[in-house]
Amino acid sequence: MYFKPEYLLIILFTIIVDYVAGILIERAAGHTKKIFLLASIITNVGVLAFYKYFNFFAENLNFLSRYFHAPQIPLLNFILPIGLSFHTFQAMSYTIEVYRGNQKAERHFGLYALYVMFYPQMVAGPIERPQHILPQLHRAISYNRDTFISGVFLMAVGFFKKVVIADRLGLYVDPVFSNPHGHSAIELLLAAYFFAFQIYCDFSGYSDIAIGAALTLGIELMKNFNLPYLSHNIAVFWQRWHISLSTWFRDYVYIPLGGNRVSFYKLCRNLLVVFLVSGLWHGANWKYLVWGLIHGCLLILYQVLKKLKITVNGFTFLKWLITFNLVCLAWIFFRANTVGEGMYILLTILKFKSLEYSATSLMPVKEIWYCVLIIGALLAGEWYLSAAELSTGKKIFMTLTLGIACYLLGIFNEAQFIYFQF
């Protein structure tokens with residue numbers, strides 16, 4: 001409402017449609033039940049497709065139509081509604097779960113609207129399920145000091161990731177990817193590695209802030225990241241990265257297609273479909289489709305190796321190193337401005353045209369080592385937090401420490417969260 005009040009009508013429309021659809025689905029049976037579900041899904045996907053993908057498909061059709069001298073489709077000039085991809089998927093999970101019988105239709109319109117619009121995670125997730133959130137909204141919540149402190153601590157962790165690490169790495173990453181032809185192989189490789197941690201700290205930082213903010217209100221959101229860069233194969237990576245989205249695609253796309261209980265050919269097809277759709281979900285651009293295709297192919301390769309029983313026993317470090325570098329190389333297409341620039345960056349790195357580092361105006365060598373050090377501290381700190389149970393006193397102390405670090409080391413340049421664009 002702050003920047004475009006009329007956009008409130010979009011989310012109000014989908015909330016009303018899905019609220020009514022949930023009740024009708026619960027009451028109906030057989031074929032009628034499926035019709036109501038399809039009506040809800042078509043409405044949600046239709047709104048998302050219109051605002052997010054109309055111009056993308058129009059531009060590509062216009063490109064083809066030039067060869068046949070066909071009329072051009074006029075492009076629309078509008079701003080993408082905030083959080084549309086996230087709250088649309090959350091709304092769709094509600095009607096699907098009601099259809100499957102895993103969730104009763106919500107009769108309280110205000111609580112259903114709150115489920116869709118819950119402010120901490122509405123803009124960029126985690127994408128929640130109704131059976132996890134709606135029961136929490138129905139119960140009485142009283143203030144709990146330990147829960148509140150845990151929430152503030154998580155928010156401090158998230159802000160540290162964002163303003164101390166992600167935004168600092170962005171000072172190098174953004175200019176390099178804006179002008180890849182002006183940089184050497186070593187500078188592009190460093191930008192690829194730094195972007196991997198920029199997007200991780202930016203997005204997991206947002207998730208920590210969202211989960212922490214909800215926790216201060218007594219609402220528990222699902223964990224969205226679980227040390228993904230410590231994964232020893234690509235399948236484990238996707239069990240740990242953006243967990244709320246990857247499980248959404250697993251439950252509502254991959255399993256309905258047959259999952260892994262099909263022939264090997266269909267298994268490969270299912271993986272490709274899921275990751276191409278995942279790529280398209282991230283943005284109306286061919287580079288995201290290429291990024292999704294790469295991950296789909298990597299998972300197919302992993303399945304082929306499993307089928308052939310080709311395993312590397314031991315060598316955990318080597319398996320981690322290969323997985324991490326493959327993920328980083330795929331990130332190049334995610335961050336590049338175009339597929340062509342992504343190919344140029346990748347080929348320049350693989351050919352190692354130049355090992356000279358001359359981008360000292362962007363980031364001095366001393367600053368690079370500082371970034372490497374703080375990334376190492378991040379990984380060590382997250383590993384420690386995943387294994388340790390912190391007392392309330394330790395959380396208070398660490399919250400204050402992180403707050404001081406954000407103030408002294410943070411880059412307060414009002415950089416938006418990367419996933420806000422999706």
Side-chain angles (χ1 to χ4, degrees), residues 18 21-22 25-26 28-46 48-49 52-53 85-86 88-103 125-132 222 224 226 228 231-283 286 288-311 323 326-327 330:
D18 293 328
I25 289 169
E26 188 176 67
H31 188 62
T32 307
K33 190 174 185 178
K34 186 173 288 186
I35 289 175
F36 288 136
L37 174 65
L38 287 174
S40 168
I41 291 175
I42 290 170
T43 301
N44 282 281
V45 173
L48 182 62
K52 193 168 183 178
Y53 303 107
S85 299
F86 289 89
T88 297
F89 269 31
Q90 184 150 314
M92 288 170 65
S93 71
Y94 167 76
T95 50
I96 294 171
E97 293 298 332
V98 172
Y99 174 82
R100 291 178 173 179
N102 298 327
Q103 172 65 39
I127 303 169
E128 285 288 351
R129 307 298 169 84
Q131 56 266 44
H132 183 219
M222 71 179 294
N224 212 18
N226 183 23
S231 305
H232 60 273
N233 64 58
I234 198 67
V236 172
F237 173 80
W238 278 107
Q239 292 167 11
R240 297 179 172 190
W241 177 276
H242 201 347
I243 298 169
S244 64
L245 180 67
S246 58
T247 54
W248 197 99
F249 279 117
R250 179 198 66 196
D251 294 343
Y252 304 134
V253 180
Y254 181 69
I255 292 177
L257 285 172
N260 55 5
R261 297 183 178 182
V262 290
S263 66
F264 186 73
Y265 166 77
K266 289 184 177 179
L267 169 63
C268 296
R269 178 208 63 185
N270 295 346
L271 289 170
L272 277 180
V273 168
V274 166
F275 279 91
L276 285 172
V277 173
S278 175
L280 192 61
W281 178 89
H282 278 89
W286 285 103
Y288 298 118
L289 282 168
V290 171
W291 172 79
L293 178 64
I294 291 171
H295 275 282
C297 291
L298 289 175
L299 278 161
I300 289 172
L301 177 61
Y302 173 73
Q303 293 297 330
V304 169
L305 294 176
K306 278 183 63 177
K307 189 175 180 64
L308 296 175
K309 296 182 179 179
I310 299 175
T311 57
T323 302
L326 288 174
V327 169

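Because the structure is a prediction, the values reported are computed rather than measured. Residues take their numbers from the sequence shown, with the count starting at 1.
- Counting only heavy atoms from C-beta outward, the side chains of Y254 and L267 approach each other to under 4.5 Å.
- Note: L37 CG to T32 OG1 = 12.5 Å, rounded to the nearest 0.5 Å.
- Among all heavy-atom pairs drawn from I25 and F36, the shortest one is CG1-CB, 3.6 Å.
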Quick one: do L293 and L289 satisfy side chain to side chain contact (heavy atoms under 4.5 Å, CB included)? Show the steps, please. CA-CA 6 Å; L293 178 64; L289 282 168; over 6 Å; no
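- Summarising the geometry of L257 relative to V273, their closest heavy-atom pair is CD1-CG1, 3.8 Å, with the distance given to 0.1 Å.
- Here salt bridge (Lys or Arg N to Asp or Glu O under 4.0 Å) pairs that include residues 258-277, with residues two or more places apart or in two chains, number zero.
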I'd like to know whether F275 forms a side chain to side chain contact (heavy atoms under 4.5 Å, CB included) with I294, so could you lay out the CA-CA distance, the side-chain angles of the two residues, the decisive distance to 0.1 Å, and finally the verdict. CA-CA 9 Å; F275 279 91; I294 291 171; over 6 Å; no
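- Counting heavy atoms from C-beta outward, R129 and D251 have side chains that approach closer than 4.5 Å.
- Looking only at side-chain heavy atoms (C-beta outward), F89 and N44 stay at 4.5 Å or farther from each other.
- Annotation: side chain of R250 is in contact with side chain of T247 (closest heavy-atom distance under 4.5 Å).
- Residue L272 holds its CG atom at 5.5 Å from SG of C297, rounded to the nearest 0.5 Å.
- When atom types are taken as modelled, the side chain of E26 and the backbone of V98 share no donor-acceptor pair closer than 3.5 angstrom.
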Would I243 and N226 satisfy side chain to side chain contact (heavy atoms under 4.5 Å, CB included), going step by step from the backbone distance to the final call? CA-CA 8 Å; I243 298 169; N226 183 23; 4.2 Å; yes
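- Taking the six-membered ring where the residue is Trp, W291 and H295 present perpendicular rings, their angle passing 60° and hence far from 30°.
- Side chain of E97 to main chain of N102: no donor-acceptor pair is present (N/O by atom type, distance under 3.5 Å, no hydrogens or angles).
- For the pair Y99 and K34, the minimum side-chain heavy-atom distance is below 4.5 Å.
- I41 CD1 to Y252 OH: the interatomic distance, rounded to the nearest 0.5 Å, is 10.0 Å.
- Remark: the backbone N or O of D18 is not paired with any side-chain donor or acceptor of T95 at under 3.5 angstrom.
- Between H282 and L245 the shortest side-chain heavy-atom distance falls below 4.5 Å.
- Using cut-offs of 30° and 60° for the angle between ring planes, the F249 and W281 rings count as perpendicular.
- A heavy-atom distance below 4.5 Å is not found between the side chains of L276 and L280.
- Between S244 and W248 the shortest side-chain heavy-atom distance does not fall below 4.5 Å.
- Scanning all heavy atoms of the two residues, the minimum distance from Q131 to Q103 falls at CA-OE1, 3.2 Å.
- Contact between M222 and P126 at its shortest, heavy atoms only, is O-CG, 3.5 Å.
- Here the closest non-hydrogen pair linking W238 and S246 is O-OG, 3.2 Å.
- T88 contributes no side-chain N or O that, together with a main-chain N or O of S85, makes up a donor-acceptor pair within less than 3.5 Å.
- Atoms CG and CG, from L299 and N233 in turn, are 8.5 Å apart once rounded to the nearest 0.5 Å.
- No side-chain donor-acceptor contact under 3.5 Å links S278 to the backbone of V274.
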